[in-house]
Structures are given as structure tokens and as C-alpha cells.
*Asks:* 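My questions will all concern the structure given below.
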Amino acid sequence: MTRFDLTGKTAVITGAGRGIGRALARGLAEAGAQVAVVSRSQAQLDELVQEIEQAGGRAFAIAADITESGAPEQVVQATIEQFGGLHILVNNAGMNIRSKALDVTEEEWDRITALDLKAAFFMAQAAGKVMCEQKYGRIVNIASVGGLVALRTGVVYAASKAGVIQMTRVLALEWSKFGVCVNTIAPWYFRTPLTETLLNDPAYLQDILNRTPMGRIGELEDLIGPAIFLASDAAAYISGQTIAVDGGMSVYGF
Ligand SMILES: NC(=O)C1=CN([C@@H]2O[C@H](COP(=O)(O)OP(=O)(O)OC[C@H]3O[C@@H](n4cnc5c(N)ncnc54)[C@H](OP(=O)(O)O)[C@@H]3O)[C@@H](O)[C@H]2O)C=CC1
Ligand SMILES: C[C@H](O)[C@@H]1OC(=O)[C@H](O)[C@@H]1O
């Protein structure tokens, strides 16, 4: 068994009903993990569970709104009841409302930060209680290059994702001594329901490509390897880091 193999591990993936989370859930299952897949849409989760099981994997659907108080603990508890343990958390669920800073409302601030930052933290805390106790864990947070460099896609989203990156560092500082590695993946653009509208605009897509040294937007497959790596024993001495999966975008100065 290679150090990249996730056989015998149980993972929770939030936001797994579609987009990046769905791809990561399938990828971790293919790497051997039992996966608990979380979103608000039971139908999307059931379809994903069926897909994973038909491919020979083990999956369990947990329909939950992780912004609700107590939901993170309930998700972790349900996972442990189903699979007998928890080793990996992929904190992926996220959303954006792309307002200019002068137009941001309190309601928008609350909605974006509630999911992108607050829920990500309380999911990490709920998983961390189990992982620190068992002296093993892997937390992979999904932020954005928007947390590293300034994008046009909204100041509240950027602040939330930058907060996730810094949260990763502090959790790594506190939990690495318990064998819990906490890292972040910062994606550039990938075609999902969150970005479909933007990417269907030829002028906007050209703007993206002009800023991307690799000359293409990401394929969901491009995220699976980095996620498996950070979730595996191959990354046992890596904690607090952020890997930009961005085609070189975040280092494009001029
Ligand atoms: N796509 C991209 O180009 C990029 C995405 N990202 C980040 O990647 C992550 C995934 O994005 P992407 O796949 O594009 O987004 P999508 O909107 O395609 O998927 C988001 C997922 O999160 C779930 N979700 C939303 N709200 C909640 C909630 N309150 N509780 C539980 N689940 C919820 C959704 O399901 P449901 O609504 O049914 O609950 C859905 O399954 C996000 O954190 C995003 O910020 C970062 C950089 C670029
Ligand atoms: C790269 C960003 O994260 C991307 O930009 C958007 O408008 C979406 O919100 C994505 O998250």
C-alpha cells in the first residue's frame, strides 16, 4: 500500500453535492477512503453515493446545512456512527455574492462569512476534537486564490478565504503535535455551478486566460491529486500550508 493510499480511512467532504466537492468525494473514494458526503440536497448526495458504490467504494449521505448551529457536531457524529471513525475532513462548501465593496450589505456579509469562514471553522473544530484525541487527522480546507491575491469577485469572499488560510496556520500550530495536519488548497477558476455563468462569458473567460500562465482554466481532475496527497500519509510532515492549484495565476506579476 503506498503512502497515498486512503484505504482504512474515513473522510467527510462538505459541499459534495456538486462541483469541486463532488469531484473530491469521488477521488478520495477511488483512493480507498470511506466518504461521508455533505450538502443540503439529499437528491444530489444520493446520486453521488450510488455513483461511488457502483464504482466499488463506500459512501454515506448526510443532508445538512452546516451553517446551522450544532450541525458540524451532528455531521461528525453521524459519520462516526456510520463508519466507526473519522480521519479526514475536506472543508469545501462555499459560496459567493459578487458585490462591489461600496454595495455590500450586512446580509451579504453574514451569508458569505457564515458558510465560507464560520462553518469551515466549526467543521474543523468538530473534526479536530476527534482527531486530536485519536492523535491522527488530516484537514484539507478549500480556500481560493482570492484569499491570496486581489480578485474582482468580491471583498467579503476574499476576506473569508484569506481567513481560512490564516485559520489553517493557527490550527496547524495548535494541532500538529497531535498528528493532525491542517492544510489548504487555493483554486483558481474551475467550471462548476458556482462559476458557470462567469465562464460562459467569452470576454470574462479571455480575461481569466490572459492572467493564467498555463493558458487554461482548471479541470476538476487537477484538484483530486493535491487533495489526496494532503489527506494521505504522504503529507505527514506538512501542516499549515496553502497550495495554489491555479495554472500559475497567483505568481503572475507582469
Ligand atoms: N469553482 C471555482 O472556480 C472555485 C471554487 N472555490 C471554492 O471551492 C469550493 C466549492 O466551490 P464550487 O464547487 O465551485 O461550488 P458549487 O456552488 O458548485 O458547490 C457548492 C457546494 O456546497 C454546498 N453547500 C452550499 N451551501 C451549503 C450549506 N449551507 N451547507 C452545506 N452545504 C452547502 C452546495 O450544495 P447545496 O446548495 O445543495 O447545499 C454544493 O454542493 C467553495 O469553497 C469555493 O469558494 C475556490 C476557487 C475557485
Ligand atoms: C477564483 C474565485 O474563487 C472564483 O471567483 C468567483 O467569482 C467564484 O466565486 C469563485 O470562487
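Both counts, for ligands and for their atoms, begin at 1 and track the order of listing.
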*Asks:* For ligand 1, which of its N or O atoms have a protein N or O partner closer than 3.5 Å, and how long is each gap?
*Replies:*
| unit_1 | atom_1 | unit_2 | atom_2 | d |
| --- | --- | --- | --- | --- |
| ligand 1 | 1 (N) | Phe190 | O | 3.3 |
| ligand 1 | 1 (N) | Thr192 | OG1 | 3.2 |
| ligand 1 | 3 (O) | Phe190 | N | 2.8 |
| ligand 1 | 3 (O) | Phe190 | O | 3.2 |
| ligand 1 | 13 (O) | Ile20 | N | 2.8 |
| ligand 1 | 14 (O) | Thr192 | OG1 | 2.5 |
| ligand 1 | 26 (N) | Arg40 | NH2 | 3.3 |
| ligand 1 | 29 (N) | Asp65 | OD1 | 2.9 |
| ligand 1 | 30 (N) | Ile66 | N | 3.1 |
| ligand 1 | 35 (O) | Arg18 | NH1 | 3.3 |
| ligand 1 | 37 (O) | Arg18 | NH1 | 3.4 |
| ligand 1 | 37 (O) | Arg18 | NH2 | 3.0 |
| ligand 1 | 37 (O) | Arg40 | NH2 | 2.8 |
| ligand 1 | 38 (O) | Arg18 | NH1 | 3.3 |
| ligand 1 | 38 (O) | Ser41 | N | 3.4 |
| ligand 1 | 38 (O) | Ser41 | OG | 2.4 |
| ligand 1 | 39 (O) | Arg40 | N | 2.8 |
| ligand 1 | 39 (O) | Arg40 | NE | 2.7 |
| ligand 1 | 41 (O) | Gly15 | O | 3.3 |
| ligand 1 | 41 (O) | Gly17 | N | 3.3 |
| ligand 1 | 41 (O) | Arg18 | N | 3.4 |
| ligand 1 | 43 (O) | Asn92 | O | 2.7 |
| ligand 1 | 43 (O) | Lys161 | NZ | 2.8 |
| ligand 1 | 45 (O) | Tyr157 | OH | 2.7 |
| ligand 1 | 45 (O) | Lys161 | NZ | 3.0 |

*Asks:* Do Asp207 and Arg152 touch side chain to side chain, with heavy atoms closer than 4.5 Å?
*Replies:* yes
*Asks:* Assess, by modelled atom type and distance only, whether the side chains of Arg22 and Asn92 contain a donor and an acceptor separated by less than 3.5 Å.
*Replies:* no
*Asks:* Are any of the side-chain nitrogens in Glu53 or Arg58 under 4.0 Å away from the carboxylate oxygens of its partner?
*Replies:* no
*Asks:* Evaluate the side-chain proximity of Glu108 to Val156: yes if any heavy-atom separation is below 4.5 Å, no if none is.
*Replies:* no
*Asks:* Do Glu68 and Arg40 meet the salt-bridge criterion of a basic N to acidic O distance under 4.0 Å?
*Replies:* no
*Asks:* Are side-chain heavy atoms of Val37 and Val49 found at a separation under 4.5 Å?
*Replies:* yes
*Asks:* Would you call Gln82 and Gln34 a side-chain contact if the rule is heavy atoms closer than 4.5 Å?
*Replies:* no
*Asks:* Tell me whether the rings of Phe229 and Phe4 are parallel (<30°), tilted (30 to 60°) or perpendicular (>60°).
*Replies:* tilted
*Asks:* Give the protein residues with at least one non-hydrogen atom closer than 4.0 Å to an atom of ligand 2, ordered by chain and number.
*Replies:* Asn96, Arg98, Ser144, Leu151, Thr153, Tyr157, Trp188, Tyr189, Leu194, Thr195, Leu198
*Asks:* Side-chain contact test, heavy atoms from C-beta onward, threshold under 4.5 Å: evaluate it for Arg216 versus Asp222 and give yes or no.
*Replies:* yes
